[in-house]
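Protein chains get the first letters and strands the later ones, always in sequence-line order, with residue 1 at the start of each.
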Protein chains: 2
Amino acid sequence: MQVKEAVIERRSGVALWRQIADRMRREIGEGVLGSDGRMPPEMALAERFGVNRHTVRTAIAALVQEGVLRAEQGRGTFVEGRKRLAYPIRSRTRFSEGLAGQSRGLAADLLDHAVEAAPIDVARALMLAPGSPVIRLETRSHADGRPVSRARSWFDAHRFSGMAEAFERSRSITASFRELGLADYLRQSTTVTAQHADAGDLKDLNLSPGAIVLVTIAINVDTDGRPVQYSQTRFAADRIELHIPGAGMETGD
Amino acid sequence: MQVKEAVIERRSGVALWRQIADRMRREIGEGVLGSDGRMPPEMALAERFGVNRHTVRTAIAALVQEGVLRAEQGRGTFVEGRKRLAYPIRSRTRFSEGLAGQSRGLAADLLDHAVEAAPIDVARALMLAPGSPVIRLETRSHADGRPVSRARSWFDAHRFSGMAEAFERSRSITASFRELGLADYLRQSTTVTAQHADAGDLKDLNLSPGAIVLVTIAINVDTDGRPVQYSQTRFAADRIELHIPGAGMETGD
DNA sequence: ACCAATTTGTCCGTATGTATA
DNA sequence: TTATACATACGGACAAATTGG
């Protein structure tokens, strides 16, 4: 293993400037590059990656566009990005509680909502008959003024009618559940995958092409174990990391 | 939200054929494309993605090279890949147990090992003084004959001397721990992030440039709560999904 | 105020790769 | 296969801004 140096591949179908941008973004995240907040000069980077200075400049321009870097004529290029927020996945997973203390300006907004017939995966997760009416909520969450995730959630339309209106008021799933008579709920299962950002991610999460999203598929249940929410959440992978506290310290298994 | 159709972006720094290949690979994994084992004709794909047939052919050729597709002249293009394996993360997380039943031919091999001075993050995780001697193990795991993950693990060199040799014999962390006198251990914490595959991933996991890896950073502890293993594991995101069983059903929190 | 060194910003021209028709 | 258009990558030159003597 032990990779010594950058490997930038030509005619791989990925432009050099994008490979370099991706690599710099990662190394910045790891603290390998710009740990003092300052990037090496363009010429040094060009030499290191074995490319022309212009190619490095294209990569830097992309990262400036993303908000990762900031370039100042005559001074240098500096790291703008902050460190990743830790999103805890636990028995009582609550969005705002999880990120509280790590960031200011937590906010959520409702992008879209509708009542529809439950698709097969939604019906199975919520233990409803396929085609039963369900409420679909499309929400987006911000931290520090930047979008961090977008979620698509489904609820039994009979049990939780008024969910969309409640969310619009409270901007919180937990508060909406409480308003509709559900005081507590638990995370039953979470599945994590990773994908390239799709067109919706680019738009709603303000990502650049080639960015990565962490996708969680979760089922929440009430205290009787009945499913109350099925959701697919897409996190910007460069702004969020998922943290799973060890069950080992909580339970004897 | 509700993204209707594939959006292939021009001048994004990623060649169209690669965007199409990445998208087809993902949709095949999701069952959206080729769920019956058969791909639509090239002309249909070209129309769907809004590109020339030649561009689709370049994408298909790349996936054939990867082993995802198989093209037969005059008959069509067929899916070779299989569906994503679920890797459970729980109190007693064990690699081979977790994937048992989902795949045949589970195997692990030792890529490299060394005794070194503990870097700061390793020392903190293992609760050792920085610079203390630790054993570093670089391992790789296969399922169904394909590599699915590579891991870099550290162990206290004093407590677990002989770890590398034990692993080389047993090809199992659990068995090696047992051999060295540790009968049981628990997962204390797991952090999940996602990144683009680096040069080592491309080589060891046989990925193509632009592919995504799920990265887990985990700490295992013995039954007294003392850290015994710190590891960074990189999973091929198109072959593995992480599954977190709900603590909600196991504990009252 | 001036100068030299450093670093980013902009412009030119040219060659190659990618995608279409 | 051929032709065309555009994106990508390179090399060089010089301007503009900043820093420190």
### Task
Return yes if some donor-acceptor pair links the side-chain N/O of B:R140 with the main-chain N/O of B:D204 below 3.5 Å, else return no.
yes
### Task
Just jot down the side-chain hydrogen bond (donor to acceptor under 3.5 Å, both in side chains) partners of B:W154, sequence neighbours excluded, or say none.
B:E116
### Message
My understanding is that only residues two or more places apart in sequence, or in another chain, count here; which of them pass salt bridge (charged side-chain N to carboxylate O under 4.0 Å, His left out) with B:R124?
### Response
none
### Query
Listed by chain and number, what are the salt bridge (charged side-chain N to carboxylate O under 4.0 Å, His left out) partners of A:E42, not counting sequence neighbours?
A:R53, A:R57
### Task
Can you sort out the partners of A:R171 under side-chain contact (heavy atoms from CB on, under 4.5 Å), two or more places apart, ordered by chain and number?
A:D109
### Query
Looking at residues at least two apart in the chain, or sitting in another chain, which of them share a side-chain contact (heavy atoms from CB on, under 4.5 Å) with B:S141?
B:F95, B:A108, B:V148, B:S149
#### Entry: Contacts of A:D121 that satisfy salt bridge (charged side-chain N to carboxylate O under 4.0 Å, His left out) - sequence neighbours left out
none
### Task
Could you list the residues that satisfy side-chain contact (heavy atoms from CB on, under 4.5 Å) with A:E72, not counting sequence neighbours?
A:R70, A:R75, A:F78
### Task
Output all residues satisfying side-chain contact (heavy atoms from CB on, under 4.5 Å) with B:A125, sequence neighbours left out; order by chain, then residue number.
B:I219, B:Y230
### Query
Which residues pass the ring pair (Phe, Tyr, Trp, His ring centres under 6.0 Å) test with A:F167, sequence neighbours left out?
none
### Task
Give me the first and last nucleotide of DNA chain C, going 5' to 3', that has any atom under 4.0 Å from a heavy atom of chain A.
C:dT7 to C:dC11
## Note on the structure
Per-nucleotide protein contact along nucleotides 13-21 of chain D, 5' to 3', at a 4.0 Å heavy-atom cut-off (B base, S sugar-phosphate only, - neither), is B--BBBS--
Mind listing the N/O atom pairs, protein and nucleotides 3-8 of chain D, below 3.5 Å?
residue, atom, partner, partner atom, Å
D:dA7, OP1, B:R11, NH1, 3.2
D:dT8, OP1, B:G13, N, 3.3

